[in-house]
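Accompanying notes for the structure given below.
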Amino acid sequence: MGSERTHWRGPLLALGIVFGDIGTSPLYALDALARGKPINETLVLGGLSLIFWTITLIVSLKYVILVMRADNQGEGGIFALYSLLRHYAPWIVPLVITDAAMAFSDSIFTPAISVSSAIEGLELHIPTLQTVPIVISILILLFLVQQFGTEWVGGFFGPVMLLWFVFIGGIGGWRLWEAPQVIAAVNPWYALKLLQTYPEAVFLLGAIFLTVTGVEALYADMGHVGRSSIRIAWLFVKPALLLSYFGQGAWMLTYRQGKILGESEKPFFAMLPEGWLFIGVGISTAATIIASQALITGAYTIFSEANRLGFWPRMRVLYPATTRSQMYVPFINWTLLALVLLVVITMQRSSAMEAAYGLSINISLIITSILLTIFFWWRLPALRSLSPLIPLVFLPVEVFFLYSNLHKVPEGGWIALVLGGSVAMIMGIWVWGERVKRRFSDFVELQPYIQRLLALSGEEHLPYFATHLVCLTTSPSPMKIEHRLVYVLLQRQPKRARTYWFIHVAVSEAPYEATYSLHTYIPGKLYRVVFHLGFKLQPRVGLLLRQVVESLAQKGEIDLLSPYERLRQYGQTGDFRFLIVRRVVNWDGRFSARERLALQLYQLLDKLSLPVENAYGLEVAALSQEQVPLTTPQIPAELRLRPRNEQKEERKESIFEEKPI
């Protein structure tokens with residue numbers, strides 16, 4: 001019985017987390033296709049045929065069967081894929097940045113267009129209703145509750161979305177019964193006929209593409225519910241979606257053939273039975289809120305992972321719920337709310353938002369096809385033969401969709417590109433600056449300094465700087481250390497400690513790995529600890545080090561008591577002090593013009609980002625910070641000094657002395 005509950009719980013959870021965005025597309029997709037055109041059989045059957053084959057090709061074949069094979073220990077998403085491929089194809093960084101930026105752009109438009117579409121259904125009965133204030137109120141409330149965690153309502157997401165899909169499938173099936181001839185649209189001939197009949201048919205594909213917006217959630221949210229749960233749920237979701245689309249098509253052919261739909265006459269709401277409008281608006285509003293919640297959570301995840309992998313500046317990540325997947329990123333939350341409200345206030349109606357919607361996801365789909373090709377080639381040798389087929393089958397279709405979506409750029413699509421481009425620019429600047437800093441790394445061999453540190457530890461004439469001095473290092477090798485760290489420890493106010501700890505945090509490919517490795521240079525005196533943390537985990541160094549220290553203390557390898565005898569007799573423990581040595585940008589002639597620009601922009605972002613101590617969970621720890629220049633500046637020729645010839649200078653000066661009259 002327990003296994004049976006687990007079997008059904010996964011797909012139910014997937015309905016609430018994964019399928020909210022793509023599941024609410026019936027609210028506006030066919031409306032976008034038919035708006036402003038006389039309803040006829042060619043338009044309806046051709047549109048339904050394109051919808052059927054687009055969903056089958058992109059969602060069922062590409063994502064459900066192929067993309068979801070590219071899991072990183074069960075996790076999905078662009079950064080999980082990057083973690084798998086970065087050692088094989090380091091050149092994919094610009095593609096990863098673009099994909100992540102476009103996903104953020106989608107997070108802005110999905111809540112706006114989904115909630116607006118649901119509320120606009122009320123206009124059928126209340127034509128003068130002002131929907132914008134209602135939409136704004138719902139969105140503000142949705143973003144406000146994020147700081148308290150959504151775990152308490154998360155259990156309702158699955159059942160509500162189950163009710164939603166049963167509702168849209170049932171209503172669609174009922175209308176389909178009235179005009180079963182629309183089932184013929186599964187024949188691709190109708191799609192070709194539409195493309196041949198309408199001169200602007202290539203641009204109609206932009207409306208067809210709206211039916212697969214949200215497909216990227218199948219891969220991005222795979223780690224939350226599991227691959228098999230998503231695949232099982234899709235077997236229920238796809239028929240429900242198709243029944244809704246085909247039911248809307250049947251209603252248009254039965255009741256609106258030869259007519260043009262009114263501005264407030266959305267097929268989804270217009271086909272509802274008499275008296276069901278308010279029920280339909282209520283259920284669709286709940287579904288769009290759940291879809292928006294999934295996009296908001298997805299945005300948190302994207303930027304948290306980007307931060308851990310070095311694609312985004314440091315920022316605060318909070319966990320208001322009891323589960324690690326329930327995170328809250330204040331900066332992203334309020335930025336997203338401001339942008340969503342800006343879209344709603346400036347565009348007013350969902351029909352205007354459709355012009356900007358879909359373009360960013362189209363770009364993401366193309367990038368995913370490229371990365372999937374690389375994945376099958378390098379990571380799945382047994383299926384390497386499929387690698388050339390992926391770009392041959394999917395890229396032409398997705399590029400054709402992109403061409404059809406380009407007409408949206410002057411109509412509002414430029415907004416999505418500007419917003420996504422801004423995020424991509426920030427990511428690019430941060431990555432660029434980090435690379436320039438790494439080029440001027442100052443690692444030296446640690447071995448010559450070990451005895452000096454031991455001597456400093458035993459120097460009785462010098463007071464203890466700390467009992468345990470914990471130094472953060474970026475060196476990936478136990479045999480190397482930053483010269484700046486050695487300089488601060490031994491030369492700039494020598495820092496005596498009984499035990500020195502060098503701590504390095506390594507980002508692991510495994511999303512939730514939490515392991516450590518210990519390198520003992522001198523027992524009880526000098527250690528190096530490397531924490532291997534998955535890219536989904538936050539590095540709370542103080543809590544991590546405490547576990548290592550307790551383990552060594554239990555073995556009797558280190559002494560935790562104070563080094564001062566009069567305190568030891570009372571069992572007083574020694575203190576731990578953390579040391580962070582930061583390299584600040586200085587202006588050196590060795591920097592090229594491009595490197596100087598990169599460092600200037602990087603320094604600006606660094607000042608605006610979360611302090612280093614907060615990023616490592618050390619905001620309440622005993623902490624010392626010191627700064628050193630990024631490089632040791634070379635002396636320019638005009639500043640090179642030479643000894644002054646005093647006698648020669650005196651003779652020159654005497655020439656200009658005033659002579660007495």
Side-chain angles (χ1 to χ4, degrees), residues 21-22 25 49-71 76-82 84-86 88-103 105-106 188 191-192 194-195 201-220 222 234 357-409 413 416-417 420-421 424:
D21 191 359
I22 195 172
S25 296
S49 183
L50 286 169
I51 289 172
F52 175 83
W53 288 107
T54 298
I55 291 176
T56 300
L57 183 66
I58 293 181
V59 185
S60 297
L61 181 57
K62 179 183 173 181
Y63 271 83
V64 175
I65 295 177
L66 296 177
V67 174
M68 292 178 66
R69 292 186 64 91
D71 68 298
I78 182 60
F79 288 111
L81 188 56
Y82 166 72
L84 293 172
L85 299 178
R86 58 181 173 176
Y88 301 97
W91 52 268
I92 64 174
V93 168
L95 295 178
V96 173
I97 289 175
T98 304
D99 193 298
M102 292 300 108
S105 178
D106 179 51
L192 296 175
L194 173 66
L195 296 175
V202 65
F203 301 117
L204 293 179
L205 291 176
I208 301 298
F209 188 78
L210 295 176
T211 62
V212 294
T213 53
V215 64
E216 71 284 352
L218 275 71
Y219 182 51
M222 187 166 60
W234 178 243
Y357 192 48
L359 184 60
S360 56
I361 295 304
N362 200 161
I363 296 172
S364 290
L365 291 187
I366 293 174
I367 293 174
T368 301
S369 293
I370 297 172
L371 298 182
L372 188 65
T373 303
I374 301 170
F375 174 82
F376 271 84
W377 181 266
W378 287 109
R379 302 288 301 202
L380 291 180
L383 298 176
R384 184 169 289 177
S385 58
L386 290 177
S387 184
L389 297 178
I390 295 171
L392 290 176
V393 173
F394 298 110
L395 277 182
V397 175
E398 291 163 353
V399 170
F400 195 43
F401 271 121
L402 180 63
Y403 175 72
S404 70
N405 276 317
L406 287 179
H407 81 281
K408 295 182 177 182
V409 173
L417 295 179

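The residues of the chain are indexed from 1 along the displayed sequence.
With Ser105 contributing its side chain and Ala416 its backbone, the two residues share a donor-acceptor pair below 3.5 Å. In this structure, the side chain of Thr54 does not engage the main chain of Ile51 through any donor-acceptor pair within 3.5 Å. Side-chain atoms of Asn362 come within 3.5 Å of backbone N or O of Leu402 as a donor-acceptor pair. Between the side chain of Thr213 and the main chain of Gly358, no donor-acceptor pair closer than 3.5 Å is present. Between the side chain of Tyr219 and the main chain of Ala70, a donor-acceptor pair closer than 3.5 Å is present. The closest donor-acceptor contact from the side chain of Ser404 to the backbone of Phe401 lies under 3.5 Å.
Between Trp53 and Ile208, the closest side-chain pair of non-hydrogen atoms is not below 4.5 Å. Contact of the Leu389 side chain with the Phe376 side chain is not registered, since no non-hydrogen atoms from C-beta on lie closer than 4.5 Å. Taking 4.5 Å as the limit, every side-chain heavy atom of Val59 sits out of range of all side-chain heavy atoms of Thr211. Contact check for Arg69 versus Leu383: side-chain heavy atoms found under the 4.5 Å cut-off. A 4.5 Å side-chain heavy-atom check between Phe394 and Leu365 finds every atom pair outside the cut-off. In this structure the side chain of Ile92 never reaches within 4.5 angstrom of the side chain of Leu81, judged on heavy atoms.
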From CA spacing to verdict: side-chain contact (heavy atoms from CB on, under 4.5 Å), Ile22, Tyr63 = CA-CA 13 Å; Ile22 195 172; Tyr63 271 83; over 6 Å; no

Applying side-chain contact (heavy atoms from CB on, under 4.5 Å), run through Val202 and Leu195 and close with a yes or a no.
-> CA-CA 7 Å; Val202 65; Leu195 296 175; 5.9 Å; no

Show your reasoning for whether side-chain contact (heavy atoms from CB on, under 4.5 Å) applies to Thr98 and Ile367.
-> CA-CA 8 Å; Thr98 304; Ile367 293 174; 3.6 Å; yes

Pair Leu61-Thr56, side-chain contact (heavy atoms from CB on, under 4.5 Å): steps then yes or no = CA-CA 6 Å; Leu61 181 57; Thr56 300; 5.9 Å; no

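When all heavy atoms of Thr373 and Pro391 are compared, the pair lying nearest together is OG1-CD, 3.3 Å. Looking at every heavy atom in both residues, Ser49 comes nearest to Pro188 through OG-CA, 3.5 Å. Heavy atoms only, all atoms of each residue included: Ser360 and Met102 are closest at O-CB, 3.4 Å.
Using cut-offs of 30° and 60° for the angle between ring planes, the Phe400 and Tyr403 rings count as parallel.
Among pairs with a residue in residues 390-400, those fulfilling side-chain hydrogen bond (donor to acceptor under 3.5 Å, both in side chains) read Lys62-Glu398, Ser369-Glu398, at least two apart in sequence or across chains.
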